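Notes follow the structure.
Naming convention: chains lettered A, B, ... in sequence-line order (proteins, then strands); numbering from 1 in each chain. As the structure is a prediction and not an experimental result, all values here were calculated from the model. Reckoned from all heavy atoms, side chains included, excluding hydrogens, waters and symmetry mates.
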2 protein chains.
Amino acid sequence: MLNRQEILHALRKYAPISRADLAKKTQLSRPCVSALVDEMIQEGLIHEIGIGDSTVGRKPILLEYNATAYLVMGALFDGNVLHMALADLKGELLCHEKKKLVSPISGETLIQELEEGLSRLLEQSQMTKEKMLGIGIGLPGITRKRDGTISYSPSTGWMDLPVQTDFEARLGLPVVIDNDVNMMTLGEYYKGIGIGVANQIYMYVGTGIGAGIILHHQFYRGSREAAGEIGYMIVGAIQPISKGEYGIFERNYSTPAIYAKARKILPHVCEETSVIRQLVHHAEQGNVQARHLLDEVYQHWAYGMVNMISLLDPDLLILSGEMVNIGEKGVQRIQHFLAEWVPMVPDLKLAALGEQAGMIGAVFSVLETFPMLTGQK
Amino acid sequence: MLNRQEILHALRKYAPISRADLAKKTQLSRPCVSALVDEMIQEGLIHEIGIGDSTVGRKPILLEYNATAYLVMGALFDGNVLHMALADLKGELLCHEKKKLVSPISGETLIQELEEGLSRLLEQSQMTKEKMLGIGIGLPGITRKRDGTISYSPSTGWMDLPVQTDFEARLGLPVVIDNDVNMMTLGEYYKGIGIGVANQIYMYVGTGIGAGIILHHQFYRGSREAAGEIGYMIVGAIQPISKGEYGIFERNYSTPAIYAKARKILPHVCEETSVIRQLVHHAEQGNVQARHLLDEVYQHWAYGMVNMISLLDPDLLILSGEMVNIGEKGVQRIQHFLAEWVPMVPDLKLAALGEQAGMIGAVFSVLETFPMLTGQK
DNA sequence: CCATTTGTTAGTTATATTAACTAACTGAAG
DNA sequence: CTTCAGTTAGTTAATATAACTAACAAATGG
């Protein structure tokens, strides 16, 4: 069963490719490849695409991966908008939509929206539910993927819900749930700026500050699934804290915190557009206070990064959420700060997938559970 | 070949155990277990130990792992003293010795000492070199295990040496090299306070500050083998830094830094005994300045831990080096600080193996490369 | 028609399985 | 005390699986 995966992996990597070449790439014998390929052709996972070219000898029969043999759905709910997509086995989106839901949103509402969304997407792409493998759903708040529950979600008020089993029962399909930032991390790893990078950290700044961690090509979640809660890091000056309150980094350098700081120095701060963008604009216009605040923010974000880099020595750090608005100039500024503090500065890149990241990650959260169909290792 | 490992693993875990029970534990069939066990008995890896007891039915033939079928050597050189040990396949030390080397110490000197040490240990334990699998060597400074080289070692002045191949050529045995703190981490994981814990961080404070990281039961080294270089973390007040100089945490809260701080407030600081021990002593005697300095140190160590915990959410944090001198009271004080900043405080324990940790870790660095003999997964 | 490459067929090997057996032992009925 | 049913341990034999090698047929260019 493992060699099937191996063959699929090579097939996807080098497609279109012949059986003989597959044998060379996988180190398996030609008969073995032939047999397994035939099996998978029967199952519809592989197609013969035509005859290839060669200078001498019999011409090869080229094979191709049939990514639409099965489908998955990926969804991301950010507490407000529900993104949904249908994707093939390569994680390529066939079609997608987004829908703003009106509060208050119960679990029941969400399930219904997912159900209806799935129907619409299937119809749109002219596919049937029989081909569906499962649905991945990214949710805001604290989730526990292992037991499929949501511990707490501030935006919806949900607490301790067995979301996965509830959804599976209603949707009639395997469901994978995870935290929204984790899904986005996965998205960038498989389809975005982090493709193929073994050790990477996805840093997200929004209402909160969090990180998704991929080590040795695997998502790292920690012992209590609390890894990446870098909002708790001690960055900048120590401040008095009241009992049970946490998150000094988050409290000072998340989006709301920066808004508060900006309001003190700028006359008109618009709540609708990115603070960082506004600060960058004013700084470029010559506003010294804005430039200073921006530098303070960059610097403290960099401090957080220094802590992560020195501990984990990753290849890549992906900046997302509010951070995507700093532009290439901002990236260079931060890179400059990093070089002051650590000798090994990793690649620093802006997230590439925008609002689709989480939805795409959700697609892959399902595909990851079917390596024998996708050829993922 | 993988089932052999599985059987050995179960055998070591449940020994003494019969073939029938092994089949149950490993989910393999009884004939398969019988065949593989017979093989391994032929090779001397397993022994029949005698007849077991049972209420009904035929009595089982109990099997035991023969840990002395092969041997490994573990060594740790801390820049000053060379610790050497001979160990069996369980990592149990058969005999060990330590020897102070006199500076300057060349690679040649070290090889010679290792060679002579090995001879002495073999003689002492009445074993032969034929049973040796390899030698693990922990070295101070920056090592690259992957290519077996040492990049820089301040205490000996070595730079860019292909230590592994040099040693292998001379000693005639496979050699595994690694950084001293990494070896200690491994030691505590396999034989010390961290046995069986999936996610743990070994924090070492000495001349420098460093950490060994074990995630999912595997050592994590980072992309450039620089993971755990937490001396670079930004802990406490930001300080001006000159170009190419790194390590704010290390500069302020490593052993030498604490000595410097202590000298300012205490009349007689002894360079020979632990600063922390001296500070604890004076604090207990009622010296307020000492108590304050101690608290400052504990607090800043805790800040560093907060950063690691929030990022990695480990089960366990092991305190070693200078930190072992804080005692249970110190541990509680730090735990108190941690609880102020993060909701998920992991176990916090003092390292258990003392100066033997590195040597034992070195033993396991070799054993890890022979899972088919040790049953390690 | 020969050299060369692709793909298949046939037979082999390695490693597991299941089913059925022998071995060894307990305990209770006769 | 003997005997035999019931139980557990370990082995043997036949079978299944999944790979391999060797040999060959198909296809093609020179």
Side-chain angles (χ1 to χ4, degrees), chain A residues 1-11 13-66 371-373 375 377, chain B residues 1-43 45-66 371-373 375 377:
Chain A
M1 223 54 188
L2 218 94
N3 284 341
R4 270 180 62 131
Q5 228 180 98
E6 213 64 41
I7 288 174
L8 275 176
H9 181 80
L11 180 66
K13 194 166 174 187
Y14 303 106
I17 187 175
S18 67
R19 289 169 175 80
D21 281 346
L22 273 178
K24 278 173 201 156
K25 296 288 182 193
T26 58
Q27 310 270 37
L28 291 166
S29 64
R30 282 186 325 224
C32 179
V33 170
S34 272
L36 291 172
V37 162
D38 288 354
E39 250 180 52
M40 291 191 277
I41 286 177
Q42 286 300 315
E43 292 168 30
L45 266 176
I46 295 181
H47 280 155
E48 291 190 342
I49 190 104
I51 305 295
D53 220 7
S54 68
T55 50
V56 292
R58 172 172 173 180
K59 295 196 170 162
I61 304 167
L62 295 180
L63 299 166
E64 207 180 42
Y65 182 61
N66 177 25
M372 70 297 292
L373 297 180
K377 290 189 193 176
Chain B
M1 222 56 186
L2 218 94
N3 284 342
R4 272 180 61 130
Q5 225 179 100
E6 214 63 40
I7 288 174
L8 275 176
H9 181 80
L11 180 67
R12 283 188 47 177
K13 194 166 176 186
Y14 304 106
I17 186 175
S18 67
R19 289 171 177 79
D21 282 346
L22 273 178
K24 279 174 200 156
K25 296 288 184 194
T26 59
Q27 310 271 37
L28 291 167
S29 63
R30 280 184 326 211
C32 179
V33 170
S34 273
L36 292 172
V37 161
D38 288 353
E39 249 181 51
M40 291 190 278
I41 286 178
Q42 285 299 316
E43 292 167 30
L45 266 176
I46 296 181
H47 279 155
E48 290 191 343
I49 189 101
I51 305 295
D53 220 6
S54 68
T55 49
V56 292
R58 172 172 172 180
K59 296 197 165 158
I61 304 167
L62 295 180
L63 299 167
E64 208 180 42
Y65 182 60
N66 177 25
M372 71 296 294
L373 298 180
K377 289 189 191 178

Next item on the list: Looking only at side-chain atoms of A/Arg19, point me to the closest of C/dT18, C/dG7, C/dT6.
Entry: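 Of the options given, the side chain of A/Arg19 lies nearest C/dG7.
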Checklist line | Which nucleotide in C/dT6, D/dA19, D/dT11 has an atom nearest any side-chain atom of A/Lys24 | finding: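 Ranking C/dT6, D/dA19, D/dT11 by closest atom to the A/Lys24 side chain puts C/dT6 first.
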Next item on the list: If a pair satisfies salt bridge (Lys or Arg N to Asp or Glu O under 4.0 Å) and one of its residues is in residues 5-18 of chain B, list it, with sequence neighbours excluded.
Entry: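 As it turns out, the salt bridge (Lys or Arg N to Asp or Glu O under 4.0 Å) pairs with a partner in residues 5-18 of chain B, which skip direct neighbours, are B/Glu6-B/Lys377.
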Notebook entry, point to check: OP1 or OP2 of C/dT8 sitting under 4.0 Å from any side-chain N/O of A/Ser34?
Noted result: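 Yes, within the criterion.
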Checklist line | Test side-chain hydrogen bond (donor to acceptor under 3.5 Å, both in side chains) applied to B/Asp21 - qualifying residues, sequence neighbours left out | finding: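 Here no residue qualifies.
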Acceptor/donor pairs from residues 50-61 of chain B side chains to any protein atom, 3.5 angstrom cut, sequence neighbours excluded:
unit_1: B/Ser54; atom_1: OG; unit_2: B/Val56; atom_2: O; d: 3.1

Next item on the list: Tell me, please, which residues at least two apart from A/Gln5 pass side-chain contact (heavy atoms from CB on, under 4.5 Å).
Entry: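 side-chain contact (heavy atoms from CB on, under 4.5 Å) list for A/Gln5, sorted by chain: A/Pro371.
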Send over the distance from [X] [atom1] to [N] [atom2], rounded to a whole Å.
| X | N | atom1 | atom2 | value |
| --- | --- | --- | --- | --- |
| B/Gln5 | C/dA16 | CD | P | 13 Å |
| B/Glu39 | C/dA16 | CD | C1' | 13 Å |
| A/Asp38 | C/dG7 | CG | C1' | 10 Å |
| B/Gln27 | C/dA16 | CD | C1' | 15 Å |
| B/Asn3 | D/dA18 | CG | P | 15 Å |
| A/Leu63 | C/dG7 | CG | P | 7 Å |
| A/Ile61 | C/dT5 | CD1 | P | 17 Å |
| A/Leu62 | C/dG7 | CG | P | 8 Å |

Notebook entry, point to check: Got a second to check how far B/Ile49's CD1 is from B/Ile17's CD1, nearest 0.5 Å?
Noted result: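 Going from CD1 on B/Ile49 over to CD1 on B/Ile17, the span is 13.5 Å.
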Next item on the list: With rounding to the nearest 0.5 Å, note down the distance linking CG in B/Leu45 to CE in B/Met372.
Entry: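 Between B/Leu45 CG and B/Met372 CE, I get 10.5 Å after rounding to 0.5 Å.
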Name the atoms and distances for all side-chain donor-acceptor pairs under 3.5 Å in residues 28-39 of chain A, with sequence neighbours left out.
unit_1: A/Ser29; atom_1: OG; unit_2: A/Cys32; atom_2: N; d: 3.4
unit_1: A/Asp38; atom_1: OD1; unit_2: A/Arg19; atom_2: NH2; d: 3.4
unit_1: A/Glu39; atom_1: OE1; unit_2: A/Arg4; atom_2: NH1; d: 3.3

Note to self: Five pairs per end, C1' atoms only: what is the angle between the end axes of the helix from C/dC1-D/dG30 to C/dG30-D/dC1, to 10 degrees?
What the structure shows: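 So the angle between the two local helix axes works out to 30°.
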Margin query: Does B/Met40 form a side chain to side chain contact (heavy atoms under 4.5 Å, CB included) with B/Ile7? I'd like the steps, not just the answer.
Written below: CA-CA 10 Å; B/Met40 291 190 278; B/Ile7 288 174; 3.9 Å; yes
Item checked: Touch class at under 4.0 angstrom, heavy-atom based, for B/Ser18 against every strand present ->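 Counting heavy atoms under 4.0 Å across all strands, the contact made by B/Ser18 is with sugar-phosphate only.
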Item checked: Sugar-phosphate, base or nothing in reach of B/Pro31, heavy atoms under 4.0 Å ->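 Result for B/Pro31 = base.
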Taking all heavy atoms of [X] and all of [Y], pick out the closest pair and write down the distance.
| X | Y | value |
| --- | --- | --- |
| B/Leu62 | B/Ser18 | CD2-N, 3.9 Å |
| A/Glu64 | A/Ala15 | CG-CB, 4.5 Å |
| A/Gly44 | A/Asn66 | O-ND2, 2.7 Å |

Next item on the list: Residues of residues 8-17 of chain B with any non-hydrogen atom less than 4.0 angstrom from an atom of DNA chain D: list those, numerically ordered, please.
Entry: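 DNA chain D contact set from residues 8-17 of chain B: none.
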Check: Would B/His47 and B/Leu63 satisfy side chain to side chain contact (heavy atoms under 4.5 Å, CB included), going step by step from the backbone distance to the final call?
Finding: CA-CA 6 Å; B/His47 279 155; B/Leu63 299 167; over 6 Å; no
Checklist line | Protein-to-nucleotide contact annotation, 5' to 3' order, nucleotides 21-30 of chain C [B base; S sugar-phosphate only; - none; under 4.0 Å, heavy atom] | finding: --BBBS----
